[in-house]
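In this text the structure is predicted, and so the values were computed from the model without any measurement. Note on naming: letters A, B, ... go to the chains in the order of the sequence lines (proteins, then strands), and numbering restarts at 1 for each one.
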2 protein chains.
Amino acid sequence: MMVSTKGRYAMTVMVDIAKNSNGKYVSLADIARRENLSNKYLESIISILIKGGMLKSLRGKNGGYKLTREPKDYNISEILRLTEGTLASVNCIMQEGVTCDKAATCSTLPLWTGLDMVIESYLGSITLKDIIDGNRKKMLGDYCNKCSAL
Amino acid sequence: MMVSTKGRYAMTVMVDIAKNSNGKYVSLADIARRENLSNKYLESIISILIKGGMLKSLRGKNGGYKLTREPKDYNISEILRLTEGTLASVNCIMQEGVTCDKAATCSTLPLWTGLDMVIESYLGSITLKDIIDGNRKKMLGDYCNKCSAL
DNA sequence: ACAAAATCCTACCTGAATGGTAGGATTTTC
DNA sequence: GAAAATCCTACCATTCAGGTAGGATTTTGT
């Protein structure tokens, strides 16, 4: 499992706010109720999104959360990388270019590197707007050859 | 982290055997020594590979492990799927086509489905032979646009 | 002024999975 | 019959996922 609930719920939150904001601040309680998720757990996830600059907040009555940019200006890779810590598929690749000490002679390293590139390429190409619009062609199209539901 | 040491070491084992077999059985002790990995832990991983039909074994002196097919006839997806249990990127997608009960109205599901397709498409296209041959073009080429080391 | 509505912050908790380890039984060869 | 090898069952420590609890702080509306 690459993406934990933390990253998955982060996406849910971003989409929920994007859909329900209309320029206003959206309260935690509303998000949690709509998405049927734990109030408290969401709070901790939103906190990460705020510290990472994905959301801004307003305290007090009528407060809540709001996107800092247009939906088209978020890509999924950055949202997940922020909440998950890393998207590396194996833990011998810590950050971009940082590998373990056997890297020079490791036969399988190019495999893991290639896998990471494929994942980054995909997630980096999808925007929050694509998800809100339900752009199935972009999300499923390129690789879906036996998917009749398209 | 999508791939744990279990899946990663499984790949290491498969590659090691493929490289060092020459038609003979390769002993656990030799693999562990060459790859500098725990004898006992490798044993438990190899056991999975045998039960899944990836390797065959011979007991007794001069015994060990051997591939059941040609390296070109293994793809990485099946090896990892066997050892990891699943390659699904999120746990709301259990197996192919099996999703959670909110699937019909879930905005983000196409994203996770698309991600899984991309991963499967990549790992399903790489063979054990590609890794042994160090076929960097196949493993890194299609997606690597800023990689001067190719 | 004050209550209500909201975010913010620190700490804690539980169960499952990861990443192993230990010891002996069994099989085969030389 | 000893040595070399796999096979099998059980155990274990640490980490992390996935939350929960409680109160402090900030802002608004009346």
Item checked: Sequence-distant partners of A:Asp16, side-chain contact (heavy atoms from CB on, under 4.5 Å), two or more places apart -> A:Asn20, A:Val26, A:Ile31, A:Arg34, A:Glu35

Next item on the list: Apply side-chain contact (heavy atoms from CB on, under 4.5 Å) to B:Ser38 and list each qualifying residue two or more places apart in sequence or on a separate chain.
Entry: B:Lys40, B:Tyr41

Under 3.5 Å, which protein N or O atoms sit close to an N or O of nucleotides 23-26 of chain D? Give each pair with its distance.
| from | atom 1 | to | atom 2 | distance (Å) |
| --- | --- | --- | --- | --- |
| D:dT26 | O4' | A:Arg59 | NH1 | 3.4 |

Notebook entry, point to check: C:dT21, C:dC8, D:dG29: which one has an atom nearest the side-chain heavy atoms of B:Ser38?
Noted result: C:dT21

Show me, pair by pair, the donor-acceptor contacts under 3.5 angstrom made by side chains of residues 66-74 of chain B, not counting sequence neighbours?
| from | atom 1 | to | atom 2 | distance (Å) |
| --- | --- | --- | --- | --- |
| B:Lys66 | NZ | B:Gly23 | O | 3.0 |
| B:Thr68 | OG1 | B:Gly53 | O | 2.9 |
| B:Thr68 | OG1 | B:Met54 | O | 3.4 |
| B:Thr68 | OG1 | B:Tyr74 | OH | 3.1 |
| B:Arg69 | NH1 | B:Asp73 | O | 3.0 |
| B:Arg69 | NH1 | B:Glu78 | OE1 | 3.4 |
| B:Arg69 | NH1 | B:Glu78 | OE2 | 2.8 |
| B:Tyr74 | OH | B:Met54 | O | 2.7 |
| B:Tyr74 | OH | B:Thr68 | N | 2.9 |
| B:Tyr74 | OH | B:Arg69 | N | 3.2 |

Check: How close or far is atom P of D:dA5 from atom NZ of B:Lys66, stated in whole angstroms?
Finding: 16 Å

Check: For the pair made of CG in A:Asn91 and C1' in C:dA17, what is the distance, rounded to whole Å?
Finding: 14 Å

Next item on the list: Could you tell me the separation between the CG atom of A:Leu49 and the C1' atom of C:dC8, rounded to a whole number of Å?
Entry: 15 Å

Check: Without hydrogens or angle criteria, can the side chains of A:Asn91 and B:Arg8 be said to hold a donor-acceptor pair below 3.5 Å?
Finding: yes

Next item on the list: Could you pull out all residues at least two apart from B:Ser107 that satisfy side-chain contact (heavy atoms from CB on, under 4.5 Å)?
Entry: A:Val15, A:Lys19, A:Ile131

Item checked: Expected output: side-chain B:Ser21 to main-chain B:Lys24 donor-acceptor under 3.5 Å -> yes

Item checked: Rounded distance (Å) that lies between atom P of D:dT6 and atom CD1 of B:Ile46 -> 7 Å

Check: Counting only non-hydrogen atoms, which of residues 9-32 of chain B are less than 4.0 Å from DNA chain C?
Finding: B:Tyr9

